[in-house]
Amino acid sequence: MKKYLKSMAAASAFLLFLVWTARCLILMTFLTQYMMSSFKGMLFTAVHDGQFNLRPNNTAYLAVKDALLGWDPSYGSVYYYNPKIATNQWIFTRTVTKQIGNHHFAY
């Protein structure tokens, strides 16, 4: 449970980072296009495999709350991926800052 919460908090912190950096119009435009391409090209596997449509459980709410309160177990990472199923070789060129469960967090 604790590892699962830690992983979800790290992913939440990553997503909050994207939201908080969208303060200027250029970044907002980039993020909008990035998210649209995520749904079209299945950039995030959570969209592709249907996890995106799951109803959040209590652990998900706790993870977001912890991330909002400043807990970032990923140490400011801007990418995360599962190296066992990642198919784009580019992601392996990123510097890994933390491994939590099956996921690598990187910048």
Side-chain angles (χ1 to χ4, degrees):
M1 170 83 169
K2 189 163 181 107
K3 187 190 300 183
Y4 189 62
L5 174 64
K6 191 175 188 180
S7 179
M8 291 177 77
S12 297
F14 162 75
L15 293 172
L16 287 172
F17 167 79
L18 291 179
V19 171
W20 288 333
T21 57
R23 292 185 183 155
C24 79
L25 184 57
I26 293 170
L27 283 177
M28 286 174 54
T29 302
F30 168 76
L31 290 172
T32 301
Q33 291 173 349
Y34 184 74
M35 294 308 291
M36 294 304 285
S37 68
S38 298
F39 286 95
K40 280 184 176 177
M42 301 303 178
L43 181 61
F44 293 114
T45 56
V47 174
H48 180 67
D49 66 16
Q51 293 179 64
F52 180 81
N53 296 315
L54 294 176
R55 184 176 181 89
N57 61 19
N58 191 49
T59 305
Y61 285 109
L62 288 173
V64 171
K65 180 181 174 188
D66 286 344
L68 284 168
L69 292 173
W71 186 37
D72 180 7
S74 76
Y75 303 113
S77 296
V78 293
Y79 307 105
Y80 71 98
Y81 62 96
N82 182 333
K84 293 178 183 175
I85 61 173
T87 57
N88 189 322
Q89 294 302 307
W90 174 85
I91 197 66
F92 295 104
T93 68
R94 307 295 84 205
T95 301
V96 175
T97 58
K98 186 75 175 179
Q99 179 177 346
I100 304 171
N102 294 329
H103 289 89
H104 287 185
F105 292 81
Y107 63 86

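Computed from a prediction, not measured in an experiment: that's the story for all the values here. We use all heavy atoms of the structure for the numbers below, so side chains are in, but hydrogens, waters and symmetry mates are not.
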Student: Heavy-atom count around F92 CZ within 6.0 Å, excluding the residue itself: above 12?
Tutor: yes

Student: Please round to the nearest 0.5 Å and tell me the distance separating atom CG of N102 and atom NZ of K84.
Tutor: 4.5 Å

Student: Provide the closest heavy-atom pair for H103 versus S7 in the form atom of the first, atom of the second, distance.
Tutor: ND1-OG, 4.4 Å

Student: What pair of heavy atoms forms the shortest contact from S74 to S77, and how long is it?
Tutor: O-OG, 2.7 Å

Student: List the steps and the verdict of side chain to side chain contact (heavy atoms under 4.5 Å, CB included) for L5 and D66.
Tutor: CA-CA 9 Å; L5 174 64; D66 286 344; 4.1 Å; yes

Student: Quick check on the 6.0 Å ring-centre criterion: do Y79 and W90 meet it?
Tutor: yes

Student: Could you pull out the closest heavy-atom pair between A67 and A13, with the gap in Å?
Tutor: CB-N, 3.7 Å

Student: Which atoms form the tightest heavy-atom contact between I100 and A10, and what is the distance?
Tutor: CD1-CB, 4.0 Å

Student: If every non-hydrogen atom of P73 is compared with every non-hydrogen atom of K98, which pair is closest and at what distance?
Tutor: O-CG, 3.5 Å

Student: Would you please indicate yes or no on a ring centroid separation below 6.0 angstrom for Y107 and Y75?
Tutor: no

Student: Could you check whether the rings of Y80 and F105 sit parallel, tilted or perpendicular, using 30° and 60° as the cut-offs?
Tutor: parallel

Student: Measure across A106 and R94 and return the closest heavy-atom pair with its distance rounded to 0.1 Å.
Tutor: CB-CB, 3.7 Å

